[in-house]
There are 6 protein chains.
Amino acid sequence: MNKRIAVYRKEHFNAAHRLHSNLLNAEENASVFGKCNYPNFHGHNYELVVKVTGEIDPKTGYVIDLKLLGDIVKKEIIERFDHKNLNLDTLEFKDLNPTAENIAIVIHQLLSNKLDKRYDLKIILYETERNFVEFPA
Amino acid sequence: MNKRIAVYRKEHFNAAHRLHSNLLNAEENASVFGKCNYPNFHGHNYELVVKVTGEIDPKTGYVIDLKLLGDIVKKEIIERFDHKNLNLDTLEFKDLNPTAENIAIVIHQLLSNKLDKRYDLKIILYETERNFVEFPA
Amino acid sequence: MNKRIAVYRKEHFNAAHRLHSNLLNAEENASVFGKCNYPNFHGHNYELVVKVTGEIDPKTGYVIDLKLLGDIVKKEIIERFDHKNLNLDTLEFKDLNPTAENIAIVIHQLLSNKLDKRYDLKIILYETERNFVEFPA
Amino acid sequence: MNKRIAVYRKEHFNAAHRLHSNLLNAEENASVFGKCNYPNFHGHNYELVVKVTGEIDPKTGYVIDLKLLGDIVKKEIIERFDHKNLNLDTLEFKDLNPTAENIAIVIHQLLSNKLDKRYDLKIILYETERNFVEFPA
Amino acid sequence: MNKRIAVYRKEHFNAAHRLHSNLLNAEENASVFGKCNYPNFHGHNYELVVKVTGEIDPKTGYVIDLKLLGDIVKKEIIERFDHKNLNLDTLEFKDLNPTAENIAIVIHQLLSNKLDKRYDLKIILYETERNFVEFPA
Amino acid sequence: MNKRIAVYRKEHFNAAHRLHSNLLNAEENASVFGKCNYPNFHGHNYELVVKVTGEIDPKTGYVIDLKLLGDIVKKEIIERFDHKNLNLDTLEFKDLNPTAENIAIVIHQLLSNKLDKRYDLKIILYETERNFVEFPA
């Protein structure tokens with residue numbers, strides 16, 4: 001019973017964003033990001049899957065209470081990003097391009113601060129049904 | 001073979017929007033639309049299902065070529081709304097609140113203009129997996 | 001803008017049940033319902049889709065606020081049935097066999113009492129991904 | 001309790017087909033059906049949803065036993081078409097172009113013969129997740 | 001062609017359960033498990049994904065015949081748990097709390113006994129669309 | 001920011017195939033592959049997920065532009081296999097049995113040739129919703 005097992009919790013949020021990098025000029029931004037660089041933003045229904053790996057607590061049969069995990073995700077991530085403009089309304093993406101990759105890394109950092117160090121944490125983020133990312137790989 | 005049959009085509013687009021009605025004041029807008037009224041927009045992956053009802057052409061076995069229907073939808077709807085800010089970037093929602101209901105009616109009007117009158121047209125629009133609309137009912 | 005349009009809201013609940021009819025004897029119950037008649041219950045993740053048809057309020061662009069509709073569904077249906085044993089824990093199925101058909105009709109009655117009469121109401125209930133019902137047809 | 005209610009059963013089959021109409025010449029077939037007309041066939045995972053509408057039997061709480069309906073669908077449809085080449089291996093599409101529209105109508109006829117006349121029957125057939133048909137409309 | 005490759009098979013079962021640990025008292029059980037601890041059980045449509053990793057047999061092009069794997073899963077897992085009350089009707093969870101974690105580990109043990117040792121086995125179990133587990137991690 | 005992250009792109013194609021191994025005789029082929037060995041082919045809607053792992057380019061916030069990755073997949077894989085008969089119309093499966101395992105390995109080889117060596121590549125291929133493979137494991 002001391003082998004490691006992973007548990008997953010899915011949540012979602014809706015946000016506007018625009019891909020634009022401070023390290024590229026206007027022409028480069030338009031060329032690299034295409035219609036994702038349009039100035040007035042577009043948006044997504046982000047599906048967020050949080051994976052927590054650890055050992056089972058023999059008393060409860062849980063790795064972690066998924067309802068508690070869901071509450072942490074709601075407080076730290078959903079309230080922060082849901083129905084927001086990631087570029088304009090958040091500190092995290094004030095100077096960081098809100099690609100799916102960068103959003104996943106930011107979410108990983110925010111949740112790592114709130115979880116016990118005995119857990120391994122992985123973030124899977126769906127920007128659309130066809131485009132998604134996983135951190136760490 | 002002269003009974004009517006329906007065919008469906010699914011497409012999608014990503015857009016930013018903000019719910020805000022010109023017929024309500026600021027306080028009413030905030031009260032009615034809550035976080036959907038946040039000033040800097042949020043966004044969605046809209047899933048669009050177009051239903052066309054008609055008779056089968058006995059020569060082809062088709063009601064309508066779904067690839068052609070898909071091309072019409074891409075040209076009239078996806079190019080118009082994909083990666084756009086519905087409130088700022090489109091004529092259709094300059095003065096019309098971009099609720100899912102209103103978006104569905106606008107799409108119905110735009111596609112009706114391009115389809116032969118022998119067809120009946122219905123629009124199903126998913127704003128999220130949990131909230132969707134159908135016009136006409 | 002005075003044509004009718006339908007809006008849908010999806011919610012879910014998890015419940016145990018057992019198919020057993022008071023109008024059949026034990027042998028008939030076993031024969032008709034098979035393993036769904038096992039005495040110690042089994043269970044499902046019920047997916048509930050509520051369809052409300054009406055006219056758009058021109059002030060808001062809404063038929064009905066789907067968040068308010070979701071709150072009504074949560075209060076009237078989810079709190080009543082979620083994580084319950086339908087046969088043992090609910091008044092509604094004390095003497096009524098909790099088939100998907102009967103659950104849909106009960107939900108329709110419970111929600112009809114809470115919705116303005118200008119709306120038409122339809123219930124779609126998924127017992128599994130492969131078996132589902134719609135009331136009224 | 002004498003209102004009508006609909007029940008749905010989902011099944012699936014995998015088949016090869018090629019779109020080709022005896023009423024069109026080779027050039028017209030290539031022009032109308034494009035890559036769907038390629039001579040060596042392609043294929044699909046067809047998802048079949050059968051909708052049966054009727055009254056609830058007060059003794060059982062069922063419109064129709066969905067397991068029995070599933071058995072009829074498996075015997076009449078799945079065994080006939082699963083892992084077959086619709087053009088080469090079936091009598092039904094020997095001279096009929098196997099468009100989704102025509103497949104749905106054939107399935108409707110085959111199942112109508114096996115169901116009591118007190119039921120209304122509708123067929124929904126997904127050729128792909130994006131292209132599907134419904135008969136009758 | 002001697003690199004390892006993974007194949008997956010999805011099956012499902014419906015069961016009732018209640019979360020309750022023999023190592024906790026009544027008050028602790030109610031506090032830890034909340035409505036999952038309700039005495040009369042609730043239930044789920046469990047989706048089970050079985051992952052088998054091995055080398056391709058060059059004669060067949062298969063790692064393992066997924067139909068045979070499906071038959072093993074049906075015989076060892078589905079027949080044992082489908083339409084059962086996990087707490088009352090199974091030996092495996094007579095003294096073991098039927099959390100998703102513990103169910104996945106039990107399934108892993110039952111299937112390991114039936115599969116050749118040249119295969120690696122992983123179990124992914126969805127309790128709901130939002131809560132799922134993977135063993136081993 | 002130098003940790004590795006994975007990005008995924010989903011595409012699909014429809015194809016006919018038949019399982020048949022040159023290393024087995026007719027009787028063995030029929031016995032091993034059952035109805036998948038029927039002579040006139042059947043078919044599938046293949047869902048293809050391409051996973052690319054690498055480091056984030058700090059200038060763009062991308063591991064790889066998923067639109068560019070999609071274009072490579074369309075050019076190298078979809079155009080090659082979509083609406084084709086894998087056994088008859090492709091060089092790759094002229095002498096190789098088109099099992100899901102072998103198709104995934106072929107796709108992996110075709111895409112590896114087109115991607116920079118700094119990336120790790122993994123292929124997930126869904127033959128049906130219930131049967132899928134992953135290479136390398």
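In this text the structure is predicted, and so the values were computed from the model without any measurement. Below, read A as the first sequence line, B as the second, and so on, with proteins coming before strands; counting in each chain starts at 1.
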Trainee: If you measure from the Lys or Arg side-chain nitrogens to the Asp or Glu carboxylate oxygens, is any gap between C/D120 and C/R4 under 4.0 Å?
Mentor: yes

Trainee: With a 4.5 angstrom heavy-atom cut-off, could you sort out which part of C/L19 is near chain D: side chain, backbone, both or neither?
Mentor: side chain

Trainee: Non-hydrogen atoms of chain C under 4.5 Å away: do they reach the side chain of D/L48, the backbone, both or neither?
Mentor: neither

Trainee: Contact part of D/V52 toward chain C, heavy-atom cut-off under 4.5 Å: side chain, backbone, both or neither?
Mentor: neither

Trainee: Quick one: do D/E55 and D/K3 make a salt bridge, cutoff under 4.0 Å?
Mentor: no

Trainee: Can C/E101 and D/Y62 be counted as having a side-chain donor-acceptor contact under 3.5 angstrom?
Mentor: no

Trainee: Can you say whether C/N97 sits under 4.5 Å from chain D via the side chain, the backbone, both, or neither, judging by heavy atoms?
Mentor: side chain

Trainee: Is D/T53 close to chain C through its backbone or its side chain, or both, or neither, when contacts mean heavy atoms under 4.5 Å?
Mentor: side chain

Trainee: Look at C/K67 together with C/D65 and state whether they make a salt bridge at an N to O cut-off of under 4.0 Å.
Mentor: no

Trainee: Under a 4.5 Å heavy-atom cutoff, which of D/L66, D/L68, D/L69, D/V49 has the most pairs with chain C?
Mentor: D/L66

Trainee: Are the charged groups of D/K10 and C/E129 less than 4.0 angstrom apart, N to O?
Mentor: yes

